[in-house]
There are 2 protein chains.
Amino acid sequence: MGPSAPLSVRQNLAALCGSCAGSFRGLCHGLEEQDQHVLSDASSLIRLPARGAVFREGDRANAVFTLVDGAAKLLRTLPDGRQQIIGFRFPGDLIGYTARDRYPCDAELVCNATVCRIDRGKLEAMSRGCSGISHRLLELCAEDLATAQEQLAAMAQRSSEGRVAAFLLMLRDAARRNGASGTELALPMTRADIGDYLGLTIESVSRVFAGFRRAGLLQEPMRGTVRLLDMPEIESLASGGSAH
Amino acid sequence: MGPSAPLSVRQNLAALCGSCAGSFRGLCHGLEEQDQHVLSDASSLIRLPARGAVFREGDRANAVFTLVDGAAKLLRTLPDGRQQIIGFRFPGDLIGYTARDRYPCDAELVCNATVCRIDRGKLEAMSRGCSGISHRLLELCAEDLATAQEQLAAMAQRSSEGRVAAFLLMLRDAARRNGASGTELALPMTRADIGDYLGLTIESVSRVFAGFRRAGLLQEPMRGTVRLLDMPEIESLASGGSAH
DNA sequence: CGGGCATTTGAGAGTACTCAACCGATGTGG
DNA sequence: CCACATCGGTTGAGTACTCTCAAATGCCCG
């Protein structure tokens with residue numbers, strides 16, 4: 001839908017090499033410099049607007065993406081029309097890597113964002129030649145698996161407060177990975193997104209946030225920003241807080 | 001803990017080649033015959049008793065396993081002592097494959113079982129030489145990821161009845177993969193296991209089963225067996241049944 | 001037969017959902 | 001420029017579902 005403006009390879013390379021920590025880190029981590037250059041040649045930067053789709057469930061998986069800037073959500077639309085958010089992705093994360101030939105879920109942006117598109121064919125050809133890349137892909141897949149299982153444990157046995165607390169900690173960890181402070185966080189997703197992610201209604205999410213504010217655990221200085229004030233308490237809610 | 005009796009390579013090979021569909025399928029699927037033989041040489045069959053551990057969270061990940069016979073559960077023990085069951089595994093499934101050097105969770109048997117132990121070093125050496133194996137590993141990892149995400153969607157937005165229905169369908173699919181009918185299923189796990197998997201209490205699981213029996217959706221002819229009678233209704237509960 | 005374990009069932013409590021109204025910010029058209 | 005619609009968020013009241021606690025049953029094993 002939105003305006004997508006592939007940049008030149010030259011700009012692209014500059015961007016990648018200049019900001020590897022923030023953009024390409026997910027895939028490049030631990031790779032030799034020359035491999036990184038090879039990857040750069042197979043990729044292009046694309047800007048997309050909020051609510052834009054990086055790809056849709058069922059599309060041919062012709063490319064993988066790394067998120068350079070912004071935030072994205074992965075989601076599946078359930079038969080009855082509701083949506084289940086599988087996870088959020090942040091700068092440096094790899095999106096759309098799959099062993100199948102079609103994407104298993106939608107990837108949608110929650111705010112204006114920049115993604116780096118990497119041709120899948122080229123990536124796979126490369127990974128045959130460079131065992132570093134293929135091992136890295138497997139590592140990332142295992143990482144995602146661990147995250148999903150973590151999330152599973154989180155969801156199944158936690159109260160609404162525990163879930164929101166765990167969500168905030170995930171957000172903090174993502175921010176830290178990208179060099180942010182960890183107390184002042186961007187919160188670009190809506191209450192509906194958070195609810196669809198945690199298996200709660202909009203109202204419940206809103207009530208938990210209100211409760212946290214009243215209890216002095218956090219502030220929301222402006223729309224789209226949270227400041228975590230009482231980290232120990234939030235951590236305690238996230239790990240101890242039982243639903244039973 | 002339990003008696004573990006490694007069998008000879010000769011027996012092992014025979015078992016593997018003779019029953020590839022039931023035991024080694026998960027890993028071997030799509031591999032050339034010679035690769036299968038190479039794998040067999042790096043592996044050994046082990047029998048373990050119910051409640052025995054295949055490995056524990058934090059153990060050095062020196063081996064991967066395929067389940068030949070029986071059923072296993074993957075679980076993490078939460079800080080407060082409760083346990084979250086990540087998933088169940090059935091004959092043909094690969095267990096304990098990870099990109100890290102320690103297992104991320106416990107693997108425990110729910111009944112007497114036979115597993116096939118494959119040395120990890122040998123497997124990785126092999127996968128460097130044989131791109132078929134490494135691609136297969138990635139595929140399996142992606143498969144697990146998809147399953148975990150599926151489960152996530154299931155857990156977050158379903159009622160207790162919906163969850164149990166989804167669990168039964170998972171069980172049915174596992175049985176079908178192993179050539180069983182799909183209506184008469186082994187149910188080796190306890191209500192507690194099911195509850196820890198679905199995020200429900202023992203009592204809730206029991207009540208849902210009782211309700212299903214009363215509604216004529218299933219029978220439990222004997223301990224450890226269910227017969228699914230009204231598949232359409234179960235499927236409808238699993239997909240439509242909302243918690244909200 | 002007795003002890004332990006898994007399961008079932010009942011009664012009451014608590015949590016999260018549903019429905020509904022309201023607020024504030026944003027954007028659009030008259 | 002202002003009325004108005006829209007959207008995201010908040011708050012309240014009542015309901016429904018699942019949990020907790022408790023007791024009873026059935027089963028397996030020594």
Side-chain angles (χ1 to χ4, degrees), chain A residues 49-51 73 80 82-83 85 110-112 154-167 186-215 218-226 237 240-244, chain B residues 49-51 73 80-83 85 110-112 154-165 167 186-215 218-226 237 240-244:
Chain A
R51 287 156 196 283
K73 57 183 179 184
D80 61 356
R82 288 171 308 168
Q83 62 179 33
I85 291 187
V110 298
C111 55
N112 296 330
M155 303 276 318
Q157 312 226 354
R158 281 203 264 242
S159 67
S160 58
E161 292 192 346
R163 294 186 202 191
V164 174
F167 166 75
L187 189 76
M189 55 287 286
T190 66
R191 305 293 193 217
D193 288 336
I194 300 172
D196 285 339
Y197 177 63
L198 298 176
L200 299 171
T201 58
I202 299 175
E203 296 94 324
S204 291
V205 174
S206 180
R207 273 186 253 269
V208 172
F209 269 89
F212 282 6
R213 280 196 302 269
R214 270 194 299 275
L218 56 78
Q219 294 173 341
E220 293 185 275
M222 23 173 263
R223 189 98 150 194
T225 306
V226 278
L237 281 169
S242 162
H244 300 179
Chain B
R51 286 157 198 283
K73 58 183 180 185
D80 61 357
R82 287 170 309 168
Q83 62 179 30
I85 291 187
V110 298
C111 56
N112 295 332
M155 303 278 316
Q157 314 227 353
R158 282 203 264 242
S159 67
S160 58
E161 292 192 347
R163 295 186 203 192
V164 173
F167 165 75
L187 190 75
M189 56 288 286
T190 66
R191 305 291 193 219
D193 287 337
I194 301 172
D196 286 338
Y197 177 64
L198 298 176
L200 300 171
T201 58
I202 299 174
E203 296 93 325
S204 290
V205 175
S206 179
R207 273 186 253 269
V208 172
F209 269 89
F212 282 5
R213 280 195 303 267
R214 269 195 300 276
L218 56 80
Q219 293 173 342
E220 293 185 274
M222 25 173 259
R223 193 130 175 140
T225 305
V226 278
L237 280 169
S242 163
H244 299 181

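Per chain, numbering begins at 1; letters A, B, ... match sequence-line order.
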From CZ of B:Arg163 across to C1' of D:dC17 the rounded distance in Å is 11 Å
With sequence neighbours left out, the residues meeting side chain to side chain contact (heavy atoms under 4.5 Å, CB included) with B:Ala50 are B:Asn112
The side chain to side chain contact (heavy atoms under 4.5 Å, CB included) partners of A:Ser204 (sequence neighbours excluded) come to A:Leu200, A:Thr201
With sequence neighbours left out, the residues meeting salt bridge (Lys or Arg N to Asp or Glu O under 4.0 Å) with A:Arg207 are none
Could you run down the sub-3.5 Å N/O contacts of the protein with nucleotides 5-15 of chain D?
{"residue": "D:dG8", "atom": "OP1", "partner": "A:Arg51", "partner atom": "NH2", "Å": "3.1"}
{"residue": "D:dG9", "atom": "OP2", "partner": "A:Arg191", "partner atom": "N", "Å": "2.7"}
{"residue": "D:dT10", "atom": "OP1", "partner": "A:Arg191", "partner atom": "NH2", "Å": "3.2"}
{"residue": "D:dT10", "atom": "OP1", "partner": "A:Arg213", "partner atom": "NH1", "Å": "3.3"}
{"residue": "D:dT10", "atom": "OP1", "partner": "A:Arg213", "partner atom": "NH2", "Å": "3.4"}
{"residue": "D:dT10", "atom": "OP2", "partner": "A:Arg191", "partner atom": "NE", "Å": "2.8"}
{"residue": "D:dT10", "atom": "OP2", "partner": "A:Arg191", "partner atom": "NH2", "Å": "3.3"}
{"residue": "D:dT10", "atom": "OP2", "partner": "A:Ser206", "partner atom": "OG", "Å": "2.8"}
{"residue": "D:dT10", "atom": "O5'", "partner": "A:Ser206", "partner atom": "OG", "Å": "3.2"}
{"residue": "D:dG12", "atom": "N7", "partner": "A:Arg207", "partner atom": "NH1", "Å": "2.9"}
{"residue": "D:dG12", "atom": "O6", "partner": "A:Arg207", "partner atom": "NH2", "Å": "3.1"}

Across all chains, not counting sequence neighbours, the salt bridge (Lys or Arg N to Asp or Glu O under 4.0 Å) partners of A:Glu220 are A:Arg191, A:Arg213
Rounded to whole Å, CE of B:Met222 lies from C1' of C:dT7 at a distance of 17 Å
Here the distance between atom C1' of D:dC19 and atom CG of B:Asp196, to the nearest Å, is 14 Å
For B:Ala215, the side chain to side chain contact (heavy atoms under 4.5 Å, CB included) test, sequence neighbours excluded, returns B:Leu217
